[in-house]
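Have a look at the structure below, then the notes.
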Amino acid sequence: MPPKKKPKNVDMKLNFDFYNVPCYNLANFLLGKLLVRRIGDDILKGRIVETECYLGGEDKASRSFGGRRTTANEPMYMQPGTAYVYMTYGMYHCFNISSAGPGAAVLLRAIHPIENIDIMTEFRGKNCKSKSKKFKIDELGNGPSKLCMSMSIDKETSNKLDLCTSDTLWIEEDLDYDNDFKTVISSRIGIDSVGEEWAKKPLRFYILGDSSVSKRDKQAENQFLDLPKS
DNA sequence: AAATCGATGCTCT
DNA sequence: GAGCATCGATTTT
């Protein structure tokens, strides 16, 4: 049987039903999809290759841990598909998407540049602290703040956007991508201070073998999985 | 290849 | 005042 072909003349923007699933499922389903950003007349696209779950409630690493709710983390409680963009370390941004479940969201950790890579490179340099640095393709999206720089995503322009209806930021199917990839599940990055129990939980997902993944886990790669893709 | 370390300002206590 | 869901440069195996 040949793989099912989807028609190209339909709106591939993913809708509310895609986002309205538990955090763990959304983090998995986002892999292989395209993150799309429109800047004026330019359309930037990158394939999502690495994600992390932040569950809220019991999750000590989550900014909504214990039901904590402030004006800053409000998007984590908004309807599934809402963008949650926050600044960290005073100079970098992280981009999350709220899922089903109170205070639950998925962090996008890495994208693989696909379309208008030259413009992404330009934004990457413009938003980078050090001037006139040259970037390889895999340095454009291999980290949560790097992808924000390359896609020109920040709190001011993108926080609280509804990805289901926004015409500047959304997710869509990648019709040209062979979705037959293997998925690696590993521990999350940069949260060691919350203690071993939650720091080690298997809540990070990435596409095995993709060159834009921010950090590989060779132990976990021995147990890669064929997870359902939607 | 891995470990270390400074930058830099917002958010919450 | 403390602590960052990071990055990039420098230093060490």
Side-chain angles (χ1 to χ4, degrees), chain A residues 23-24 26-28 30-31 35 46 48-77 82-99 101 103-111 113 120-121 123-160 185-206 211-219 221:
Chain A
C23 198
Y24 194 86
L26 182 58
N28 175 36
L30 281 167
L31 294 180
L35 175 64
I48 298 168
V49 297
E50 182 180 352
T51 60
E52 279 180 3
C53 300
Y54 285 88
L55 305 173
E58 297 295 295
D59 182 359
K60 282 187 161 179
S62 177
R63 296 170 109 89
S64 53
F65 168 63
R68 188 165 69 90
R69 190 165 178 165
T70 66
T71 54
N73 72 4
E74 176 66 18
M76 299 188 87
Y77 294 89
T82 303
Y84 169 40
V85 182
Y86 65 85
M87 180 171 274
T88 187
Y89 294 97
M91 55 192 134
Y92 298 118
H93 291 280
C94 288
F95 170 45
N96 305 253
I97 303 171
S98 78
S99 69
V106 176
L107 169 71
L108 265 53
R109 279 200 61 89
I111 61 170
M120 292 175 65
T121 304
F123 279 124
R124 179 78 167 85
K126 194 181 298 181
N127 293 311
C128 182
K129 198 172 39 170
S130 57
K131 201 69 178 168
S132 70
K133 176 171 154 53
K134 283 291 181 184
F135 295 101
K136 299 176 205 158
I137 287 189
D138 287 333
E139 292 176 314
L140 298 179
N142 64 340
S145 299
K146 295 179 192 177
L147 74 86
C148 284
M149 292 186 239
S150 296
M151 299 295 266
S152 195
I153 292 171
D154 58 32
K155 187 171 177 178
E156 192 173 322
T157 62
S158 308
N159 192 38
K160 294 189 178 179
I185 304 183
S186 177
S187 54
R188 295 175 292 181
I189 305 296
I191 55 163
D192 287 339
S193 65
V194 305
E196 238 188 43
E197 185 191 351
W198 279 94
K200 288 197 169 169
K201 287 203 184 286
L203 294 171
R204 182 169 69 107
F205 296 68
Y206 67 87
S211 56
S212 286
V213 167
S214 70
K215 189 175 182 189
R216 295 179 55 184
D217 179 341
K218 291 187 179 172
Q219 294 280 7
E221 289 188 6

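Hydrogens, waters and symmetry mates are skipped; everything else that's a heavy atom, side chains included, is used.
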Under 4.0 Å: is that the gap between some side-chain N or O of Ser62(A) and OP1 or OP2 of dA5(C)?
-> no
Would you indicate, yes or no, if dA5(C) has its OP1 or OP2 atom less than 4.0 angstrom from a side-chain nitrogen or oxygen of Arg204(A)?
-> no
Given atom [atom1] of [X] and atom [atom2] of [N], what is their separation to the nearest angstrom?
X         : N      : atom1 : atom2 : value
Glu52(A)  : dA5(C) : CD    : P     : 11 Å
Asn127(A) : dG9(B) : CG    : C1'   : 16 Å
Phe95(A)  : dC7(C) : CZ    : C1'   : 20 Å

Under a 3.5 Å limit on both distances, the Watson-Crick or wobble mate of dG1(C) is dC12(B)
So does Arg204(A) pair up with Glu50(A), basic N to acidic O under 4.0 Å?
-> yes
May I ask you to test the Cys128(A)-Phe135(A) pair for a side-chain heavy-atom distance under 4.5 Å?
-> yes
Among dT8(B), dT6(C), dC12(B), find the nucleotide with the atom closest to the side chain of Met91(A).
-> dT8(B)
More 5' along DNA chain C: Glu139(A) or Ile191(A), using each one's nearest nucleotide?
-> Ile191(A)
Centroid distance under 5.5 Å and plane angle under 30°, Tyr89(A) vs dC7(C) | no
Assign Lys155(A) to base, sugar-phosphate, or nothing according to its heavy-atom contacts below 4.0 angstrom with the strands shown.
-> sugar-phosphate
For Arg68(A), report the nucleic acid contact type (base, sugar-phosphate, nothing); a contact means any heavy atom under 4.0 Å.
-> sugar-phosphate
